[in-house]
Every structure is written in structure tokens, then in C-alpha cells.
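Naming convention: chains lettered A, B, ... in sequence-line order (proteins, then strands); numbering from 1 in each chain. If you're wondering where the values come from, they're calculated on a predicted model, not measured in any experiment.
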Number of protein chains: 2
Amino acid sequence: MSARETNPNFMNGVPELLILNLLQQREMYGYEIVQAIRDRTSNVIAVGEGVVYPVLHALERDGALKSRRKTVSGRSRIYYSLTPAGSRRLADLSNTWTNLITAIQKMLTGGQHAPILR
Amino acid sequence: MSARETNPNFMNGVPELLILNLLQQREMYGYEIVQAIRDRTSNVIAVGEGVVYPVLHALERDGALKSRRKTVSGRSRIYYSLTPAGSRRLADLSNTWTNLITAIQKMLTGGQHAPILR
DNA sequence: AATGTTACCTTGTGGTTCTAGGTATCGCAA
DNA sequence: TTGCGATACCTAGAACCACAAGGTAACATT
């Protein structure tokens, strides 16, 4: 219920990280987020709506996001933006993520540096 | 049932990648792999035996690994090493992994570069 | 009138990972 | 010699996230 101690399911939560990161830049709505992730990663990552919407709901339930309805040209959209708690959460996840891929990258690339001592 | 088209569960398979990578350097046994991952990542990643052994079994079943028993000072160990198929699998996973984190990193760091055009 | 796009949503499935156990041998210390 | 910690193997079940696949509805275009 706070910071993870070790690593329960250590590779999860990437969609959440990406979503929080996008919303830090500007408020967006669900459908827009789905396409933004596709676009900015050149289709390398394609999280569907079935991933994005539940994450948005969970984050709002946790107080990390706040939403407001806005109707643009007859289209009703729900715009989400970060709360202070959401900013903290993003910083936290971002740190965890960096540590994680740094560790992995070190393992993958630095295999030959480590002296075996045999 | 072959190469992934888009991204089904795009963040999975990291333990497999780490294990294959270790076994590419030299043959190892399960218990050793568990500690090697802990050690080389300074406890950032701690996959348990409950993760490693099933992965080893699955990889051997798929023909990516071959094993041989060896008894060292009364301790019976099962050493695993890569087959040619395993090497290919490693190269494949490695590529996918690199593309993935490159895309994510670009999203996370390059947020301000992208012109919004509004 | 029909199709495609936008925009929201949920249910159920699936596949990895984790927890939590279990067995057995060895070495060392009490 | 008995007990404990480390070594070394293993598995069954739960947890969990991401996914596929659906469904609704309004707008735009054909």
C-alpha cells in the first residue's frame, strides 16, 4: 500500500507509467491517449482501450487523477489531468523504472566485464 | 504460435531473457542463476526459484536449452546451456527488448521535443 | 441508409510471475 | 548428535496485469 519493497511482478505497470507521463505534459482523454502511445512509439507499443480505460479509472479512484467532462463539436470527452498525488506517483514509478532497466541493461551488456574469478 | 505480430503482453518474458543471457556466457544451474540475477542487479531484481525452474523446464522442452547432470562435492546439479535454437531465441528476445525500451525511453524523455502543433 | 470514425465502457480469458509450500543432502555449531 | 543454515531441486495454486472481444452511442461521410 505504498512503495514496493522488493519486486512483486517487477515488470508491470508500464501502461500506467506511460499514461501518467502523457498527462503530465497536458490533459488528455482516453481515446486520445491510446493513439498518442501508438503514434509516439511508431506502433511498437499498442495498448488498447481495454488497457487504458481501466487504468484511468483506477488512477482516479486512487486520487492520482482528476477528470472533467468537456464537449467538443458534439463529442463528449473526459479529460484527465494529474493531481499532486499523481505527480508524486509518476516520479516514483519513473524512478523504479529507471532503476529496473538500468539493472537489466547492465546485466545484458556488461556480461563480459564481470570477472568470473575461477 | 510463432513470431509475435504486435504485442501480446508486451512487458513479459524478462526472466527468460535474463536467463538466456546468463547461459550464453557459460553453463549454469538453476540455483546459481537465481543468485546470479540477485547479485548482478544488486537485489534490484530478485526472481525466485519458483520463477527460474519453470522457465528452465519450458525452455528445455522447447529445445532452447540442453541439460546435463553433474555432481560436485556431493551436490547434484543440473547444468543448462544454450542450443542453437536457444541462441536464436536470445537474439530475438534481445532485439524485441531493445526496441521496446527504446520506444518507452523516447516517450518518457522526449516528451517536450515533440511539437504539439496547436 | 450504411459505413467509418470518434468516444466511452466492461466482461472474460490468458499467460507470467509470485507465494508458499515440499524434499533431500551437506557442513557446522551447540 | 541434534539442530540449523545453506545448497539444490521441484510444484501447485493464487494473484495479477494485459488483452481480446465485445457493447453502446453520436457524429460524418458516402
Side-chain angles (χ1 to χ4, degrees), chain A residues 1 4-19 27-39 41 43-62 65 67-80 93 96-97 100 104, chain B residues 1 4-20 27-39 45-62 65 67-80 93 96-97 100 104:
Chain A
M1 197 172 290
R4 296 167 181 80
E5 293 191 0
T6 42
N7 54 331
N9 238 341
F10 63 99
M11 249 5 222
N12 286 352
V14 176
E16 183 181 322
L17 173 61
L18 295 180
I19 290 171
E27 69 172 4
M28 296 176 84
Y29 55 98
Y31 192 82
E32 186 185 12
I33 292 175
V34 172
Q35 299 180 324
I37 293 179
R38 265 195 256 268
D39 291 350
T41 64
N43 269 295
V44 174
I45 300 172
V47 289
E49 304 174 33
V51 173
V52 169
Y53 286 116
V55 170
L56 288 174
H57 300 334
L59 285 174
E60 183 173 29
R61 198 190 316 119
D62 292 357
L65 297 182
S67 65
R68 64 185 183 106
R69 308 196 78 91
K70 207 162 82 170
T71 300
V72 178
S73 60
R75 303 236 172 241
S76 181
R77 297 169 178 171
I78 304 177
Y79 281 85
Y80 292 89
L93 279 181
T96 305
W97 170 255
L100 222 47
I104 294 175
Chain B
M1 197 171 287
R4 296 166 181 81
E5 292 192 0
T6 42
N7 54 330
N9 239 340
F10 64 101
M11 250 6 222
N12 286 351
V14 176
E16 184 181 324
L17 173 61
L18 296 180
I19 290 171
L20 286 173
E27 70 172 4
M28 296 176 83
Y29 55 98
Y31 192 82
E32 186 185 12
I33 291 175
V34 171
Q35 299 180 325
I37 293 179
R38 263 195 258 269
D39 292 349
I45 300 172
V47 289
E49 304 173 33
V51 173
V52 169
Y53 286 117
V55 170
L56 288 174
H57 299 333
L59 285 174
E60 184 173 28
R61 198 189 317 119
D62 291 358
L65 298 182
S67 67
R68 64 185 184 107
R69 310 195 77 93
K70 205 162 85 172
T71 299
V72 178
S73 60
R75 302 238 173 239
S76 180
R77 299 170 178 171
I78 303 176
Y79 281 85
Y80 292 90
L93 280 181
T96 305
W97 171 256
L100 222 47
I104 294 175

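The shortest non-hydrogen separation linking B/Val47 to B/Pro15 is CG1-CG, 4.3 Å.
If you check every strand for non-hydrogen atoms under 4.0 Å, B/Val72 touches nothing.
The side chain of A/Pro15 approaches D/dA18 more closely than any other nucleotide in the set C/dT17, D/dA18, C/dA7. Side-chain atoms of B/Ile78 lie closest to D/dC9 of the nucleotides C/dC18, D/dC19, D/dC9. Closest contact between the side chain of B/Pro54 and the listed nucleotides D/dA8, D/dT11, D/dC19 involves D/dT11.
Legend: residues meeting side-chain contact (heavy atoms from CB on, under 4.5 Å) with A/Val34, ordered by chain and number and at least two apart, are A/Arg38, A/Glu49, A/Val52. Qualifying ring pair (Phe, Tyr, Trp, His ring centres under 6.0 Å) partners for A/Tyr53, counting only residues two or more places apart in sequence or in other chains: none. With sequence neighbours excluded, the residues satisfying side chain to side chain donor-acceptor pair (under 3.5 Å) with B/Glu60 are B/Ser67. Taking A/Tyr79 as the reference, A/Tyr29 meet the ring pair (Phe, Tyr, Trp, His ring centres under 6.0 Å) condition, with sequence neighbours excluded. Under the salt bridge (charged side-chain N to carboxylate O under 4.0 Å, His left out) criterion, A/Arg61 pairs with no residue, sequence neighbours left out. Applying the salt bridge (charged side-chain N to carboxylate O under 4.0 Å, His left out) rule to B/Arg68 yields the partners B/Glu27; only residues at least two apart in sequence or on another chain are considered. Listed by chain and number, the residues in a side-chain contact (heavy atoms from CB on, under 4.5 Å) with B/Val14 are A/Phe10, A/Met11, A/Ile104, B/Leu18, B/Trp97 (sequence neighbours excluded).
Here the C1' atom of nucleotide D/dA18 and the CG atom of B/Asn12 are 8 Å apart, to the nearest Å. Summarising the geometry, the separation between CE on A/Met28 and P on C/dT6 is reported as 14 Å, rounded to the nearest angstrom. Rounded to a whole Å, the NE2 atom of A/His57 is 16 Å from the P atom of D/dC17. Going from atom CZ of A/Arg61 over to atom C1' of C/dT10 covers 13 Å, rounded to whole Å. Put simply, CG on B/Asp62 is 14 Å from C1' on C/dG15, counting in whole angstrom units. The separation between A/Lys70 atom NZ and C/dC8 atom C1' is 17 Å, rounded to whole Å. Atom C1' of nucleotide D/dC10 and atom OH of B/Tyr29 are separated by 16 Å, given to the nearest angstrom. The distance between atom OH of B/Tyr79 and atom P of D/dT7, rounded to the nearest whole Å, is 13 Å.
Contacts between residues 30-38 of chain A and DNA chain D, defined by a heavy-atom separation under 4.0 Å, are absent.
In this structure, A/Tyr53 does not reach the C/dT10 phosphate: none of its side-chain N or O atoms is under 4.0 Å from OP1 or OP2.
Two residues are said to be in side-chain contact when any heavy atoms from C-beta on lie closer than 4.5 Å; A/Ile78 and A/Leu56 fail this criterion.
Between A/Val51 and B/Arg69, the one whose closest nucleotide on DNA chain D sits nearer the 5' end is B/Arg69.
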### Heavy-atom protein contacts under 4.0 Å, nucleotides 23-30 of chain D, coded B base, S sugar-phosphate only, - none
---BB---

